[in-house]
Amino acid sequence: MIKTDAEWKSQLTPEQYNVLRQKGTEYAFTSPLNDNHDKGTFECAACDLPLFSSAQKFDSGTGWPSFWAPIKKANVIEETDKSLGMTRTEVSCARCEGHLGHVFDDGPKPTGLRYCMNGVAMKFVKQA
């Protein structure tokens, strides 16, 4: 999905643009998706690609929505991020390449992973 910077700015809120297009991070405990316990799907806020299911969501205590796996591995891109003087694994949307957050190896079973996502980068679609 290719859009100009101006198109992204017109489509996204300033907070979404900062996170999704400029690899920003929302403040911990500010996303309403962090406390969302409804059944449904977390989709990319920029392109609507399904990313995570409520069935894989858990309370990590970090202040960001956390998941132990994506809906489909093919729906996310994982790349090494060496910014901020550390090595982490960045997670982006496979369709629009929007920055979502990072994945860490301190999550629960069955994967042991913690996909720590910016809530502003996603929207929630409640299961009917």
Side-chain angles (χ1 to χ4, degrees):
M1 174 175 285
I2 299 171
K3 291 188 179 189
T4 67
D5 197 50
E7 288 174 315
W8 284 121
K9 282 185 177 179
S10 70
Q11 175 187 339
L12 303 170
T13 67
E15 295 83 10
Q16 289 172 325
Y17 180 82
N18 178 53
V19 171
L20 286 159
R21 307 315 308 168
Q22 297 183 312
K23 301 184 180 192
T25 301
E26 67 189 357
Y27 289 108
F29 300 101
T30 61
S31 171
L33 295 183
N34 190 47
D35 294 322
N36 182 335
H37 302 289
D38 293 332
K39 290 184 180 182
T41 303
F42 295 82
E43 297 181 349
C44 177
C47 72
D48 304 328
L49 182 68
L51 300 169
F52 299 95
S53 166
S54 58
Q56 283 94 21
K57 188 172 187 284
F58 70 98
D59 183 5
S60 66
T62 62
W64 289 278
S66 298
F67 306 86
W68 50 264
I71 285 179
K72 289 173 46 179
K73 191 74 168 164
N75 289 11
V76 297
I77 300 166
E78 296 181 14
E79 296 180 317
T80 300
D81 173 6
K82 293 189 177 189
S83 66
L84 304 178
M86 63 182 98
T87 301
R88 302 177 291 171
T89 302
E90 177 185 5
V91 179
S92 302
C93 174
R95 180 183 290 159
C96 71
E97 298 181 358
H99 172 75
L100 302 169
H102 292 86
V103 62
F104 303 94
D105 62 1
D106 59 358
K109 292 181 180 180
T111 65
L113 299 174
R114 173 175 52 96
Y115 285 82
C116 189
M117 303 293 99
N118 288 282
V120 72
M122 300 181 295
K123 65 180 183 178
F124 182 72
V125 179
K126 191 171 183 176
Q127 185 177 339

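Just so it is clear, the model here is predicted, and its values are computed rather than measured. Along the sequence shown, residues carry numbers from 1.
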Fill in: Single-linkage hydrophobic cluster, 4.5 Å side-chain cutoff, F42 and L12 together
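Yes, F42 connects to L12 through the hydrophobic network.
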How close do [X] and [Y] get, heavy atom to heavy atom, and via which atoms?
| X | Y | result |
| --- | --- | --- |
| P108 | F58 | CD-CZ, 3.3 Å |
| S60 | S66 | OG-OG, 2.8 Å |
| A45 | Q16 | CB-NE2, 3.4 Å |

Donor-acceptor pair, [X] side chain versus [Y] backbone, under 3.5 Å?
| X | Y | value |
| --- | --- | --- |
| K57 | N34 | yes |
| N75 | L49 | no |
| W64 | E26 | yes |

Heavy-atom check, side chain of [X] versus side chain of [Y], under 4.5 Å:
| X | Y | value |
| --- | --- | --- |
| T62 | C116 | yes |
| V120 | Y27 | no |
| C47 | Q11 | no |
| C44 | R95 | no |

From [X] [atom1] over to [Y] [atom2], what is the distance, rounded to the nearest 0.5 angstrom?
| X | Y | atom1 | atom2 | answer |
| --- | --- | --- | --- | --- |
| T111 | R114 | OG1 | CZ | 11.5 Å |
| F104 | Y115 | CZ | OH | 12.0 Å |
| T4 | W8 | OG1 | CH2 | 9.5 Å |
| S83 | R88 | OG | CZ | 4.5 Å |
| L20 | S92 | CG | OG | 9.0 Å |
| L100 | N118 | CG | CG | 8.0 Å |

Worksheet item: Which residue, I71, V76, V91, forms the side-chain contact (heavy atoms from CB on, under 4.5 Å) with L51?
Response: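 Per the side-chain contact (heavy atoms from CB on, under 4.5 Å) rule, the option paired with L51 is V76, out of I71, V76, V91.
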Discussion item. Can you tell me if E97 has over 12 outside heavy atoms packed within less than 6.0 Å of its CD?
Written reply: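 No, not enclosed.
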Worksheet item: Quick check: are there more than 12 heavy atoms from other residues, nucleotides or ligands sitting under 6.0 Å from NZ of K3?
Response: yes
Worksheet item: Quick one: side chain to side chain contact (heavy atoms under 4.5 Å, CB included) partners of K23, sequence neighbours excluded?
Response: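 Per chain and number, K23 pairs via side chain to side chain contact (heavy atoms under 4.5 Å, CB included) with E90, H99.
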Worksheet item: Going through the distances and angles, do T89 and H102 end up as a side-chain contact (heavy atoms from CB on, under 4.5 Å)?
Response: CA-CA 5 Å; T89 302; H102 292 86; 5.9 Å; no
Worksheet item: Using the ring of each side chain (for Trp, its six-membered ring), is F52 parallel, tilted or perpendicular to F67, with breaks at 30° and 60°?
Response: parallel
